[in-house]
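Step one of this worksheet: look at the structure below.
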Amino acid sequence: MKDSTDRPLHPRTRAVHAGTRRSQYGELSEALFLTQGFAYPDSASAEARFESLGDDEFIYARYGNPTVAMFEGRMAALEGAEDAFATASGMAAVSGALLSMLSAGDRIVGARALFGSCLYVLEDVLPRFGVEVELVDGTDPAAWERAITPGTKAVFFESVSNPGLEVVDIKAVSALAHAVGATVVVDNVFATPVDSRALDLGADVVIYSTTKHVDGQGRCLGGVILGTREFVRKTAEPFLKHTGGAMSPFNAWVMLKGLEHMHLRVGAQAETALTLARDLEGHPAVARVLHPHLPSHPQHDVARRQMAIGGTVFCIEVRGGKDACFRVLDALRVWTISNNLGDAKSIVTHPATTTHQRLPEATKAALGITPGLVRLSAGLEDAGDLRADLMAALATA
Ligand SMILES: *Cc1c(COP(=O)(O)O)cnc(C)c1O
């Protein structure tokens, strides 16, 4: 998308305009085409459309829908990707991208620090279909180098892991993967789609759970797979349109409206997250603060290089373990105990007993999911109110 002088437009402008398709009514706001089916003027047109689908033609909402197509066009323009396929949830995007490209006998190397459902797909689902999976310490370049052997088909990691905030060096791992011809699939949720550099750094496929920062107001589930036209339309789309992971038109419409103010929201939330993380460093009840843009973060240099913003999520390790954490969480009045993130409402999560509860204790320990770990997602409230609430609650630890 370019302006009248042929200058490429800023991502903020693309987030408001890119991908818009207007009907004959010239509606200003994107139309919600809440329809699963499409009528054909005659039988020959139906036959022609099933034979080959034009860019502005649709046959069934599991395959495509004008509102969903607008969302896909906008996300692709924003990320700088050739194309995008919108999915029912972030996990439909992760599982769809991986299952559509992998076959029995293939090998995939992944980072060990993953969101619980991503870990389930790699540890439980893929091996059942004969895919060889090796999980490594994503922060250790030597471990990636050992594991990415010739014949490796794909590499998968969260650029910033949920919840431990381990940062994976996209550029370094992509170089190793490309040397053996492997496809690099990056779950970029925690980095957010704001000023994402994942494709420039070497990722081949980028995935978002749009449930998080794109909706940003905790209403709808959604996901998106971004990549080359070849991957999106020839690999991901056939799998997804026949297995059923399509995004609903209503959700796509909510996501489109969310994108219009995503940069403002996420920018403000990221600023609040970093401010609060700084304020909490050295607090007597807090053993450790984790935020990718704090100099104390173990991969701070990589995080500074590859993330324009540090994200909207940070973690603290409360002294005194689970009991102390529960006292702090239960004392909060402005923060909400929940498990969404990137939401307008500030949210606290105790991963060990909720999102990552099902993991064996040894895995939790290896991922840094200790009994004292609390994940905080900064919302849109006043940072002073959020800070005062946290300080008062921490006094009960
Ligand atoms: C939330 C999340 C997902 C899954 O997204 P859903 O929309 O809930 O399916 C995947 N990866 C990461 C890193 C997430 O935070």
Side-chain angles (χ1 to χ4, degrees), residues 68 71 75 84-99 110-126 135 138 156-168 170 185-194 196 198 203 205-226 240 243-248 250-252 254-255 258 262 266 269-270 273 290 292 303 307 310-315 338-343 347-351 354-359 367-369 373 375-378:
V68 177
F71 174 64
M75 281 304 302
F85 192 90
T87 56
S89 67
M91 284 321 302
V94 171
S95 61
L98 296 179
L99 286 166
R112 189 177 299 129
L114 295 176
F115 176 58
S117 300
C118 292
L119 203 55
Y120 177 80
V121 170
L122 271 91
E123 275 195 314
D124 291 64
V125 179
L126 294 179
L135 299 179
F156 176 78
F157 57 88
E158 293 168 10
S159 52
V160 182
S161 73
N162 180 1
L165 305 182
E166 290 187 11
V167 179
V168 176
I170 302 175
V185 183
V186 176
D187 177 332
N188 211 33
V189 171
F190 272 49
T192 88
V194 173
S196 162
V205 179
V206 176
I207 283 164
Y208 291 105
S209 160
T210 65
T211 312
K212 313 291 169 55
H213 303 90
V214 176
D215 177 331
Q217 294 169 73
R219 298 161 295 190
C220 290
L221 286 172
V224 68
I225 299 172
L226 299 133
L240 278 153
T243 56
M247 176 179 274
S248 93
F250 179 80
N251 289 11
V254 171
M255 299 296 171
M262 179 180 68
V266 171
Q269 288 167 258
L290 266 176
M307 298 168 76
T312 63
V313 177
F314 65 105
C315 292
S338 188
N339 38 262
N340 193 21
L341 59 95
D343 198 291
I347 287 170
V348 279
T349 312
H350 187 245
T354 60
T355 53
H356 291 68
Q357 188 191 106
R358 69 166 194 95
L359 296 185
L367 300 182
I369 303 167
L373 187 77
R375 189 186 79 187
L376 299 100
S377 168

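Both counts, for ligands and for their atoms, begin at 1 and track the order of listing.
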With no hydrogens and no angle check, is any side-chain donor or acceptor of [X] less than 3.5 Å from a backbone partner on [Y]?
| X | Y | value |
| --- | --- | --- |
| T349 | P351 | no |
| D187 | V189 | yes |
| E158 | F115 | yes |

Would one find an N or O of E158, backbone or side chain, under 3.5 Å from an N or O of ligand 1?
no

Given T355, T210, T211, which has its nearest heavy atom closest to atom 7 (O) of ligand 1?
T211

Among V94, V189, D187, whose heavy atom sits nearest atom 11 (N) of ligand 1?
D187

For ligand 1, which atoms, with element, lie under 4.0 Å from some heavy atom of [X]?
| X | answer |
| --- | --- |
| F190 | 15 (O) |
| N162 | 14 (C), 15 (O) |
| M91 | 4 (C), 5 (O), 6 (P), 9 (O), 10 (C) |
| G90 | 5 (O), 6 (P), 7 (O), 9 (O) |

Search all heavy atoms of L165 against all heavy atoms of F314 and return the closest pair with its distance.
CD1-CA, 3.7 Å

Do V205 and L226 touch side chain to side chain, with heavy atoms closer than 4.5 Å?
no

How long is the straight-line distance from CZ of F156 back to CG of L135, given to the nearest 0.5 Å?
10.5 Å

Run the side-chain contact (heavy atoms from CB on, under 4.5 Å) test on E166 and R112 for me, step by step, so that the C-alpha distance in whole Å, both residues' side-chain angles and the decisive distance to 0.1 Å come before the verdict.
CA-CA 10 Å; E166 290 187 11; R112 189 177 299 129; over 6 Å; no

Quick check on G222 - does any of its heavy atoms sit under 4.0 Å from an atom of ligand 1?
yes

When you measure from atom 14 (C) of ligand 1 to every protein heavy atom, which one gives the shortest distance, and what is it?
K212 NZ, 3.0 Å

Atom 4 (C) of ligand 1 - nearest protein heavy atom and its distance:
F115 CE2, 3.6 Å

